Amino acid sequence: MLDIRRIRTEADAVKAALARRGIDTSDIDRLVQLDGRQRQLASERDELRSQIKAMSKQVGLLRRDGKAEEAEAAQQESRDLGDREQGLAGEAATVAEEIHDLLLRVPNTPSDDAPDGGSDADNPVLRVQNFDPDSFGEHQRIPHWELGTRYGILDNERAVKISGAMFTMQRKGGATLARALLQYALDRNAHRFEEVRPPTLVTSETLTATGQLPKFADDAYHLERDDLWAIPTAEVPLTSIHRDEILDAADLPMRFMAATSCYRREAGSAGRDTRGMLRTHEFDKVEVFAYVAPEQAEEQLGEMLEGIEATIADLGLAYRVLDICTGDMGQSHHRSFDVEVYAPGTDQWLEVSSVSWFSDYQARRGNIRYRPGSGGTAMVHTLNGSALAVPRVWAAIVETYHRADGGIDVPDVLLPYFRGSDRIA
RNA sequence: GGAGCGGUGGCAGAGUGGACGAAUGCACCGGUCUUGAAAACCGGCGACCUGCAAGGGUCCGAGGGUUCGAAUCCCUCCCGCUCCGCCA
């Protein structure tokens, strides 16, 4: 969430920044108004409390000195002050609640560097790598779900029987490929990031810190009896590792990575990309994450993007990098880049990674601070990126590595994970 | 799930209705001493809100309640430990 002090002192600048997302900014006006009222109420209450405290001390002294009548009078006066204070407290609680609810729903302000735009159609393509459209043969122009069925490495029919629509199951070399990709991505990043196996069922507080709650509750799986949520990405538990803590500046940046299953209800997506495994309710992903001091954020962002590009490039896949525009950014994002791989079978660019800088938006929601050299405490910045989202990379590999004479090769960098085989199928 | 015991500052740990935001120790920071360091000694040392400042206010797991006054009493919940049950 945004800093209420920033909203108070720079309301116009905040509104201008949010307007670049193409959203209504009347919430900011309302927040400024509520904030003024809250501050007024707080100062009145502080004054009353101060009087009550002084009065109570006097009561104690009077009673000790045996002056019962005077003590009784002071008690009565203190009671009256207490009643007034109660009234103010009630109003203050109402105002505080409205402020909190509003703040949780106001999105992050985009970075000045983020390009303007209204939708994903406006995202500038920063670069295209390894891509030559004429290099693909007819045998590579077959969608992965056809190849998957042909070679028995994808069995979605049975996945649907087991779990319903939009679930997927890989078998044999296809299953090996999915697991190999996870291990490959972890190994690629192990020199920079601490490996973590976090819980994948989390509390509402955890899901609120990253921004999925309260606005996007419908997108997540909820286990009602236990009030737990299935994570949509490892970003969720990783961000909450140090929630409600104050970090030592010397420890920053702190970097974590995790391979987890991710669960998404994907409401409203039926009918598009539902074949194969491009869009499913459950998939595996390796996520990289960092807590940094604000001045370290841009460098960390560049480093993450670079690492992710190298991971994809070394798999021998064509990819491109998009600079996400203000109209397409997620609620919590301050700056964001997408990496898309080229899937020849369907002639599509598939989003396999999103590298994002959240400024202090998530840190404030999760109360994650550090002690800067200047003294006191300040909010950290958080960043994360998908190091490798398995299903779409799986699809691109199966299509790209399909041989003209039949069979599917293992990309060189994955050979160590294939038990001596050099064939996926 | 049942029974018992707990939850206090970075850590350990006192405090069971009245000057407690909280003793003490450790850790940490500054200083004295020393060629340097250690030791010793002196001083400092929580977070947050508000205010130009002086100051005022909030926070002892969370939320409610009793009281003139709550870390302290009562209720609910959460978490931890021990034992039992169950279990990969």
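The structure presented is a predicted model; accordingly, all values stated were derived computationally and were not measured. All values below were derived from every heavy atom in this structure, side-chain atoms included, with hydrogens, water molecules and symmetry-related copies excluded. Lettering follows sequence order; numbering is per chain, from 1.
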Separation of the [atom1] atoms in [N] and [M], to the nearest angstrom:
N: B:rC78; M: B:rC28; atom1: C1'; value: 32 Å
N: B:rA19; M: B:rG10; atom1: C1'; value: 28 Å
N: B:rA53; M: B:rU67; atom1: C1'; value: 36 Å
N: B:rA23; M: B:rU76; atom1: C1'; value: 32 Å
N: B:rG61; M: B:rA70; atom1: P; value: 16 Å
N: B:rG1; M: B:rC49; atom1: C1'; value: 43 Å

- Message: Side chains of A:R243 and A:T206 only: does a donor on one sit below 3.5 Å from an acceptor on the other?
- Response: yes

In whole angstrom, what separates [X]'s [atom1] from [N]'s [atom2]?
X: A:D244; N: B:rC48; atom1: CG; atom2: P; result: 13 Å
X: A:I246; N: B:rC45; atom1: CD1; atom2: P; result: 17 Å
X: A:Q40; N: B:rG57; atom1: CD; atom2: P; result: 20 Å
X: A:L61; N: B:rG69; atom1: CG; atom2: C1'; result: 12 Å
X: A:E205; N: B:rC77; atom1: CD; atom2: P; result: 17 Å
X: A:E47; N: B:rG51; atom1: CD; atom2: C1'; result: 13 Å

- NZ/NE/NH1/NH2 to OD/OE distance under 4.0 Å, A:E85 and A:K53: no

Quick one: does [X]'s side chain have a donor or acceptor within less than 3.5 Å of a partner on [Y]'s backbone?
X: A:R20; Y: A:A114; value: yes
X: A:E77; Y: A:M55; value: no
X: A:S78; Y: A:A74; value: no

What does [X] touch in the nucleic acid at a heavy-atom separation under 4.0 angstrom: a base, only the sugar-phosphate, or nothing?
X: A:S78; value: sugar-phosphate
X: A:R8; value: sugar-phosphate
X: A:L81; value: nothing
X: A:R45; value: nothing

Check every atom of [options] against the side chain of [X] and return the nucleotide holding the closest atom.
X: A:D46; options: B:rC68, B:rG56, B:rA47; answer: B:rG56
X: A:K53; options: B:rG57, B:rC68, B:rC48; answer: B:rG57
X: A:V59; options: B:rA47, B:rU50, B:rC68; answer: B:rC68
X: A:R371; options: B:rC68, B:rG46, B:rG51; answer: B:rG46
X: A:S50; options: B:rC68, B:rG57, B:rC49; answer: B:rG57
X: A:R5; options: B:rG57, B:rC49, B:rC68; answer: B:rC49

- Task: Starting from the C-alpha separation in whole Å, work towards a yes-or-no answer on ring-ring contact (aromatic ring centres under 6.0 Å, His included) for A:Y361 and A:H334.
- Result: CA-CA 8 Å; A:Y361 187 85; A:H334 182 61; 10.0 Å; no

- When you match A:R63 and A:S43 each to their closest nucleotide on RNA chain B, which lands nearer the 5' end? A:S43

- Query: A:R49 or A:Q75: which one's nearest nucleotide on RNA chain B is closer to the 5' end?
  - Reply: A:R49

- Kindly say if A:R79 contacts the phosphate of B:rG69, meaning a side-chain N or O under 4.0 Å from OP1 or OP2. no

